[in-house]
Student: 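Quick one: the structure is below, questions incoming.
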Amino acid sequence: MIKGWIFDLDGVITDTAEFHFKAWKQLADEEGLSFTREDNEQLRGVSRADSLRLLLKGKTVTDQHFEEMMTRKNGYYQELVEKMGPEDALPGARELVKELRSRGIKTAIGSSSRNAGRVIELLQMEDIFDTIADGHSVANAKPAPDLFLHAASQLGLSPDECVVVEDAEAGVEAALAGGMCAVGIGPAERVGKAHYVYAETADIDLKEVMG
Ligand code: B16
Ligand code: MG
């Protein structure tokens, strides 16, 4: 029986991908690295460190330079994020979470982002999630199931009692590896391995997923 829903943040609850793109692009320009919108698509749901590794395309840098670049990118990202407000929740997201809670379902965020807490605060959604599992919560990033398993345990639920909503291939893989029901948001080429696939968060059919 489903007792909890765990939501990815970027691409499911809000769309911060454009901010990540602008921040990585600024860093890439400063470092003389090529970075396109297509490259940015590969970073969906990918942790900050893994994203930088992809951006560097095999170029070797010192640990210190690597850390400095991550900090710099995050500074650009945080500047952009601070302009967010409640209106930046994706259509249907707030309503869906509220509807689940009215049915006694527990709700969590399961995001790779270390900025997830601040984004949820800016969206004014902190009251509608029981817990936030983010980039600080576990060592192994998606596609490892660790983040979602952590979120489930924070909710006091077993994995098979949880639904995970994800827009990234790595996130769907993480949910499946954790033994959870996966709802994919986006094209089948990206999230087709999920149990249920919808184009957008607003399209999720609760009756279909909950039975
Ligand atoms: P940060 P999600 C992910 O969020 C983003 O999709 C991904 O592009 C980003 O690199 C990652 O968070 C880490 O974010 O740099 O803020 O820690 O989709 O898992 O909610
Ligand atoms: Mg995502």
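Atoms within each ligand, like the ligands themselves, are counted from 1 in listed order.
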Student: Knowing that exactly one of Lys59, Lys57, Arg72 qualifies, which makes a salt bridge (Lys or Arg N to Asp or Glu O under 4.0 Å) with Glu31?
Tutor: Arg72
Student: Give me the atom names and distance for the closest heavy-atom approach of Gly186 to Val197.
Tutor: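 Smallest interatomic distance, heavy atoms only, reads O-CG1, 3.5 Å.
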Student: Mind checking the CG-CG spacing from Leu9 to Asn115? Nearest 0.5 Å is all I need.
Tutor: 9.5 Å
Student: Closest approach of Leu155 and Thr107, non-hydrogen atoms and distance?
Tutor: CD2-O, 3.7 Å
Student: Which atoms of the protein, restricted to N, O or S, are nearer than 2.8 Å to the Mg ion (ligand 2)?
Tutor: Asp8 OD2, Asp10 O, Asp167 OD1
Student: Tell me whether ligand 1 is touched by Met70 - counting only heavy atoms on the residue side and a distance under 4.0 Å.
Tutor: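 In this structure, Met70 fails to qualify as a contact of ligand 1 - no heavy atom is under 4.0 Å.
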Student: Can you tell which of Ile13, Val46, Thr14, Leu9 gets a heavy atom nearest to atom 9 (C) of ligand 1?
Tutor: Val46
Student: Between Thr16 and ligand 1, which residue portion shows a heavy-atom distance shorter than 4.0 Å: side chain, backbone, both, or neither?
Tutor: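 Within the 4.0 Å criterion, Thr16 makes no contact with ligand 1.
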Student: Identify, for atom 1 (P) of ligand 1, the protein heavy atom at the shortest distance, and state residue, atom and that distance.
Tutor: Ser113 OG, 3.5 Å
Student: Could you state the interatomic distance from CD1 (Ile120) to CD1 (Ile109), rounded to the nearest 0.5 Å?
Tutor: 4.0 Å
Student: Looking only at N/O atoms, are Asn115 and ligand 1 under 3.5 Å apart anywhere?
Tutor: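 By distance alone, the answer is yes.
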Student: For atom 18 (O) of ligand 1, what's the nearest protein heavy atom and its distance?
Tutor: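 Ranked first by proximity to atom 18 (O) of ligand 1 is Asp8 OD1, 2.9 Å.
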Student: Could you tell me the residue and atom name of the protein heavy atom closest to atom 15 (O) of ligand 1, and the distance to it rounded to 0.1 Å?
Tutor: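 Heavy-atom neighbour on the protein nearest atom 15 (O) of ligand 1: Arg48 NE, 2.8 Å.
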Student: Show the atoms of ligand 1 that are less than 4.0 angstrom away from any heavy atom in Leu43.
Tutor: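 Listed by number with element, the hits are 7 (C), 8 (O).
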Student: Does Ser51 approach ligand 1 within less than 4.0 angstrom via side chain, backbone, both or neither, non-hydrogen atoms only?
Tutor: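 Looking at Ser51 and ligand 1, just side chain atoms fall under 4.0 Å.
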Student: I need the nearest protein heavy-atom contact for atom 20 (O) of ligand 1: residue, atom name and distance, please.
Tutor: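 Among all protein heavy atoms, the one nearest atom 20 (O) of ligand 1 is Ser111 OG, 2.7 Å.
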Student: Where do Ile13 and Phe129 come nearest, in terms of heavy atoms and distance?
Tutor: CD1-CZ, 4.1 Å
Student: Please check this pair: side chain of Asp10 against backbone of Thr16, looking for a donor-acceptor N/O pair closer than 3.5 Å.
Tutor: yes
Student: Within the side chain of Ser51, is there an N or O that forms a donor-acceptor pair under 3.5 Å with the backbone of Ser47?
Tutor: yes
Student: Once rounded to the nearest 0.5 Å, what's the spacing between atom CG of Leu43 and atom CG of Asp50?
Tutor: 10.0 Å
Student: Determine, using heavy atoms of Ala168 and all atoms of ligand 1, whether some pair is separated by less than 4.0 Å.
Tutor: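 So Ala168 does not count as touching ligand 1.
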Student: Below the 3.5 angstrom mark, is there an N/O of Arg114, backbone or side chain, next to an N/O of ligand 1?
Tutor: yes
Student: Gly110 to ligand 1: N or O pair under 3.5 Å?
Tutor: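 So ligand 1 has no N or O lying under 3.5 Å from an N or O of Gly110.
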Student: Quick one: does Asp10 get an N or O within less than 3.5 Å of an N or O on ligand 1?
Tutor: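 It does: an N or O of Asp10 is found under 3.5 Å from an N or O of ligand 1.
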Student: Roughly how far, to the nearest 0.5 Å, is CD of Glu95 from OG1 of Thr201?
Tutor: 11.0 Å
Student: Does Asp63 have more than 12 heavy atoms from other residues, nucleotides or ligands lying within 6.0 Å of its CG?
Tutor: no
Student: Below the 3.5 angstrom mark, is there an N/O of Asn74, backbone or side chain, next to an N/O of ligand 1?
Tutor: no
Student: Numbering the atoms of ligand 1 from 1, which are under 4.0 Å from a heavy atom of Lys142?
Tutor: 19 (O)
Student: What distance separates Ile6 CD1 from His150 NE2, expressed to the nearest 0.5 Å?
Tutor: 10.0 Å
Student: Do Tyr76 and Phe19 have ring centroids that are under 6.0 Å from one another?
Tutor: no
Student: Step by step, work out the side-chain contact (heavy atoms from CB on, under 4.5 Å) result for Phe21 and Gln26.
Tutor: CA-CA 9 Å; Phe21 171 71; Gln26 186 164 346; over 6 Å; no
Student: Among all protein heavy atoms, pick out the one at the shortest distance from atom 19 (O) of ligand 1; state its residue, atom name and that distance to 0.1 Å.
Tutor: Ser112 N, 2.7 Å
